[in-house]
Protein chains: 2
Amino acid sequence: MTGAAGDLEPTDSAIVRELAANGRCSFTDLAERVGLSVSAVHQRVRRLEQRGVIRGYGARLSCEAVGLPLTALISLTPIDPAAPDDYPQRLEHIPQIESCYSVAGDESYVLLVRVGTPAELEELLRRIRESAKVSTRTTVVLSTPYEGRVPAL
Amino acid sequence: MTGAAGDLEPTDSAIVRELAANGRCSFTDLAERVGLSVSAVHQRVRRLEQRGVIRGYGARLSCEAVGLPLTALISLTPIDPAAPDDYPQRLEHIPQIESCYSVAGDESYVLLVRVGTPAELEELLRRIRESAKVSTRTTVVLSTPYEGRVPAL
DNA sequence: TTTGAAAGAGCCTGTTA
DNA sequence: TAACAGGCTCTTTCAAA
């Protein structure tokens, strides 16, 4: 199946797919691949950006090559169930936290973190527990067969 | 290669940081921000790409806007412990799987998946169990306070 | 490794259909 | 909306230091 294109036109969908895979693709190439004029593509991309469909562009980095070879998933459980639920904000300042998901289940949040060494992970856990008053359960990532694949729109 | 942790030069580090945040940044802007000539920056970026530090570029998409509002984390446990461990390959063809992590702990893998509806999640789980001969434990993501933040190099 | 220059390619606005 | 045409910026490659 081609997947759910959501409320996206076929042309917009093609543009988004192309840019997701190839973020630095020129408008000229883009135009060729989706079969439109350059200015028409240009206009559509701007609209996709303004509508928030495209939130920005980024380089895909090799975590290892960049000094962050250790990835972990950290599940958070509030210690005081009566405390206000502002955990994401309390943790936002910690740069090692790449993603923060609010989840259904036994635990309240799952964090994806990147560090250089086990010692740094230990220190990070200490900071997380301290900053957010939570208990943590950590799942260390041993390897990453694939990650951040482009969705099939 | 050598790829050890922070063996990234300050200048390369600045370039990588800038491109991670701003993937479509022009070489001219990049040169200004890191204080180098355009051609020097150009050369360094090419080298970072060849060394695999920069693996590519992509548009950051809004999953909701793109028709994939439902995210889940799926933990995998092999049914037959004697079976060969080729689960990632067996699942690779399923486009709804964005990331696949091999993890330490009770379970063997954690998948991050994106679908449009609960029904699609149900169907996806069926396919995963079938394709990989695993049992699954699914954690539904209720909201995403933040995701894919740029690492602090 | 960096620089500056120069040719080509691509970007992007305003205008027309 | 989409195409076109313009002026202008950016990319990319060179020789040189």
Side-chain angles (χ1 to χ4, degrees), chain A residues 2-62 64-68 148 150-151 153, chain B residues 1-62 64-67 150-153:
Chain A
T2 31
D7 27 342
L8 230 47
E9 272 188 82
T11 306
D12 282 342
S13 178
I15 290 174
V16 163
R17 208 178 315 124
E18 193 56 46
L19 281 176
N22 229 333
R24 268 181 97 84
C25 178
S26 76
F27 287 98
T28 311
D29 282 357
L30 209 49
E32 266 183 33
R33 284 181 218 193
V34 305
L36 239 59
S37 78
V38 173
S39 50
V41 168
H42 189 267
Q43 203 171 333
R44 290 180 100 111
V45 171
R46 288 283 168 270
R47 214 178 41 228
L48 286 166
E49 288 169 356
Q50 286 178 346
R51 278 203 292 159
V53 179
I54 294 175
R55 286 176 140 153
Y57 303 88
R60 278 187 288 271
L61 304 181
S62 159
E64 295 83 17
V66 122
L68 301 167
V150 173
L153 298 175
Chain B
M1 297 235 304
T2 33
D7 51 42
L8 223 51
E9 271 189 82
T11 306
D12 282 342
S13 179
I15 290 173
V16 164
R17 208 178 314 123
E18 192 57 46
L19 281 176
N22 227 334
R24 269 182 96 85
C25 180
S26 75
F27 287 100
T28 312
D29 283 356
L30 209 48
E32 267 183 31
R33 286 181 216 192
V34 305
L36 236 60
S37 76
V38 173
S39 46
V41 168
H42 188 267
Q43 200 173 334
R44 289 179 98 113
V45 170
R46 288 284 169 269
R47 214 177 42 228
L48 287 165
E49 289 169 356
Q50 285 179 345
R51 278 204 292 159
V53 178
I54 295 174
R55 287 175 139 153
Y57 304 87
R60 277 187 287 271
L61 304 181
S62 160
E64 294 82 17
V66 122
V150 174
L153 300 175

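Residue numbering restarts at 1 for every chain, and letters A, B, ... go by the order of the sequence lines.
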Counterpart residues, ring-ring contact (aromatic ring centres under 6.0 Å, His included), relative to A:Tyr57 (two or more places apart): none
Nucleic acid contacts - residues 52-60 of chain A versus DNA chain C, non-hydrogen atoms under 4.0 Å: none
Nucleic acid contacts of residues 15-34 of chain B, taken as heavy-atom distances under 4.0 Å to DNA chain C: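 By residue number: none to list.
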Distance test, side-chain N/O of A:His42 to OP1/OP2 of C:dC12, below 4.0 Å: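 Checking C:dC12 against A:His42, a side-chain N or O does come within under 4.0 Å of OP1 or OP2.
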Pairwise distance CG(A:Asp12) to CZ(A:Arg51) - rounded to 0.5 angstrom: 6.0 Å
B:Leu30 CG to B:Asn22 CG distance, which is reported to the nearest 0.5 Å: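 If we round to the nearest 0.5 Å, B:Leu30:CG and B:Asn22:CG are 9.0 Å apart.
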Contacts of [X] that satisfy side-chain hydrogen bond (donor to acceptor under 3.5 Å, both in side chains) - sequence neighbours left out:
{"X": "A:Arg24", "value": "none"}
{"X": "A:Arg17", "value": "A:Ser13"}
{"X": "B:Arg47", "value": "none"}

Residue list, salt bridge (Lys or Arg N to Asp or Glu O under 4.0 Å) with B:Glu64, at least two apart or on another chain: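 Expected list: none.
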Qualifying residues under salt bridge (Lys or Arg N to Asp or Glu O under 4.0 Å), relative to A:Glu49, sequence neighbours excluded: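 Applying salt bridge (Lys or Arg N to Asp or Glu O under 4.0 Å) to A:Glu49 gives A:Arg46.
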Where at least one partner belongs to residues 14-44 of chain A, residue pairs that pass ring-ring contact (aromatic ring centres under 6.0 Å, His included), sequence neighbours excluded: A:Phe27-A:His42
Over all heavy atoms of both residues, which pair between [X] and [Y] is shortest? Give the atoms and the distance, please.
{"X": "A:Val38", "Y": "A:Thr28", "value": "CG2-CA, 4.0 Å"}
{"X": "A:Ala65", "Y": "B:Leu8", "value": "O-CD1, 4.3 Å"}
{"X": "B:Leu61", "Y": "A:Pro151", "value": "CD1-CG, 4.2 Å"}

Distance, rounded to the nearest Å, where B:Arg46 contributes CZ and C:dT1 contributes C1': 17 Å
Inter-nucleotide P distance (C:dC12, D:dT12), Å rounded: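 Here C:dC12 and D:dT12 have their P atoms 15 Å from each other.
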Contact state string [nucleotides 2-7 of chain C, B base, S sugar-phosphate only, - no protein heavy atom under 4.0 Å]: BBB---
Nucleotide N/O to protein N/O under 3.5 Å, stretch nucleotides 15-17 of chain C:
none

Nucleotide-level pairing of DNA chain C, given in dot-bracket where Watson-Crick and G-U pairs need both distances under 3.5 Å and | marks other strands: |||||||||||.|||||
